[in-house]
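Every number for a ligand or one of its atoms is a count from 1 in the order of the listing.
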Amino acid sequence: MLAILTLSKFQAWQSCKLKTGRADEPGRPFLFLMHNVVILGSGCAGNTAAIYAARAGLKPLVLMGKEPGGQLSITSEVENFPGFPEGIMGPVLVENMKLQAERFGAEYRFGTVDAAELSQRPFRLNVDGEWIETSTLIVATGASARWLGIPGEQSLIGKGVSSCATCDGFFYRGKKIMVVGGGDSAMEEANFLTRFSDVMLVHRREEFRASKIMIDRVAANPKITVVLNTVIDEVVADESGVVASATLRNLKTGEVKKELVDGFFVAIGHIPNTKPFVGQLDLDEEGYVISHGGAKTNIKAVFHAGDVQDRQYRQAITASGAGCMAAIEAERLLEAEGH
Ligand code: NAP
């Protein structure tokens with residue numbers, strides 16, 4: 001339920017705002033809304049949290065973030081989400097979740113949180129320059145794949161370029177697959193992808209960063225060819241607009257060569273989207289939210305859901321499950337507090 005701030009609360013908030021040095025546009029009419037539940041992120045975790053919170057009558061506000069629809073919005077077909085025996089396109093799946101949440105009263109808005117003040121409730125969030133307040137917060141901001149930043153890469157995502165072997169590996173059965181990276185993710189993806197075809201694993205250094213056991217598995221897998229000291233300069237499409245080759249450059253010899261490739265998997269890590277929460281939420285050394293049991297964070301009434309906390313599974317279905325848990329936690333807390 002939305003509550004309009006009283007004048008005294010508004011004035012208190014204004015003074016607080018001045019203390020922190022933020023200035024509003026002079027003369028701008030100001031209607032300050034407070035929410036029961038704000039959900040940050042509109043991937044599987046955020047959308048599922050929205051369905052549950054909306055169905056509980058909490059009228060959640062979903063701030064869709066920088067990548068509306070999350071990682072599924074850049075995936076092609078999803079074949080492992082239960083309930084779709086023929087598979088479903090990733091963007092359709094997340095859009096369906098959004099429609100389902102809206103049907104129960106969830107409100108979706110484009111917007112990204114630039115700053116959050118979580119030291120007291122209601123929490124305050126700066127969304128693209130505007131402040132909003134909420135009694136509970138579900139952080140489902142996800143983790144974005146780290147990309148190489150080379151020509152061809154971004155425009156060919158979903159057309160041969162992928163950051164998720166489990167999602168897209170199946171499409172490259174019997175085709176030419178390349179994996180880039182030298183950490184555990186790259187080892188895991190390379191091994192996984194040999195179910196479908198031979199794999200070329202390309203790493204920029206002489207040594208892998210991955211753990212010994214993962215390196216040993218790669219070494220023991222005859223379907224993986226390792227190419228070291230090599231970077232990719234470019235991913236190139238054919239005339240039909242799908243990946244056809246990659247340009248490799250050996251950093252020691254300077255040799256440049258073109259490799260034919262159909263599936264180009266970038267596995268150089270993820271970056272959890274937790275910047276606004278640094279110094280407030282307990283984060284691990286890489287910035288992932290540390291769980292304090294279930295969907296709880298170290299701050300009461302702030303819950304986590306999905307990849308922002310989960311570096312292990314990173315699946316649409318696990319993110320959805322986590323979103324459900326977070327919404328139930330928020331609902332129970334609000335109920336216990338007499339809402
Ligand atoms: P990571 O350990 O940070 O490794 C990233 C790899 O990508 C490194 O080898 C790095 O090269 C390379 N890289 C980064 N930027 C690059 C660029 N611009 N161009 C070329 N290469 C680049 O990331 P991760 O493999 O995703 O693993 C993240 C965490 O999850 C780790 O703690 C890992 O142990 C864990 N994890 C565990 C498992 C498992 O145990 N089953 C599976 C997956 C992930 P350099 O080595 O040269 O820096």
Non-hydrogen side-chain atoms of [X] and [Y] separated by less than 4.5 Å:
X	Y	result
Phe208	Leu228	yes
Ile224	Thr194	yes
Met200	Val179	no

(message) Counting only heavy atoms not in Arg205 (residues, nucleotides, ligands), do more than 12 fall under 6.0 Å from its CZ?
(response) yes

Using a strict cut-off of 4.0 Å, indicate which atoms of ligand 1 neighbour a heavy atom of [X].
X	result
Gly269	23 (O), 26 (O)
Glu188	39 (C), 41 (N), 42 (C), 43 (C)
Arg311	29 (C), 30 (O), 32 (O)
Glu286	32 (O)
Ser185	24 (P), 25 (O), 26 (O), 27 (O), 43 (C), 44 (C)
Met214	41 (N)
Leu148	17 (C), 19 (N), 20 (C)
Arg205	45 (P), 46 (O), 47 (O)

(request) Could you name the option among Gln312, Glu189, Arg204, Arg217 that has the heavy atom nearest to atom 18 (N) of ligand 1? (result)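 Going through Gln312, Glu189, Arg204, Arg217 one by one, Arg204 has the nearest heavy atom to atom 18 (N) of ligand 1.
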
Output yes when the distance from some N or O of ligand 1 to some N or O of [X] is under 3.5 Å, and no in every other case.
X	result
Glu207	no
Asp184	yes
Arg209	yes
Ala267	no

(request) Compute both the distance and the angle, then confirm whether Lys98 meets the cation-pi test with Tyr108: under 6.0 Å from the six-membered ring centre, within 45 degrees of the axis. (result)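 Pair Lys98/Tyr108 counts as cation-pi.
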
(request) With Arg173 as the cation and Phe196 as the aromatic partner, state whether NZ or CZ is under 6.0 Å from the six-membered ring centre and within 45° of the axis. (result)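 No, cation not above the ring by the 6.0 Å, 45° rule.
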
(request) Record the part of His203 in heavy-atom contact with ligand 1 below 4.0 Å; permitted values are side chain, backbone, both and neither. (result)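 Answer for His203: side chain.
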
(request) Identify whether the distance between the nearest side-chain nitrogen and carboxylate oxygen of Glu329 and Lys296 falls below 4.0 Å. (result)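 Salt bridge flag = yes for Lys296 with Glu329.
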
(message) Check this for me: does any side-chain nitrogen of one of Arg121 and Glu133 sit under 4.0 Å from a carboxylate oxygen of the other?
(response) no

(message) Test: ring-ring contact (aromatic ring centres under 6.0 Å, His included). Region: residues 232-270. Which pairs qualify, not counting sequence neighbours?
(response) Tyr172-Phe265

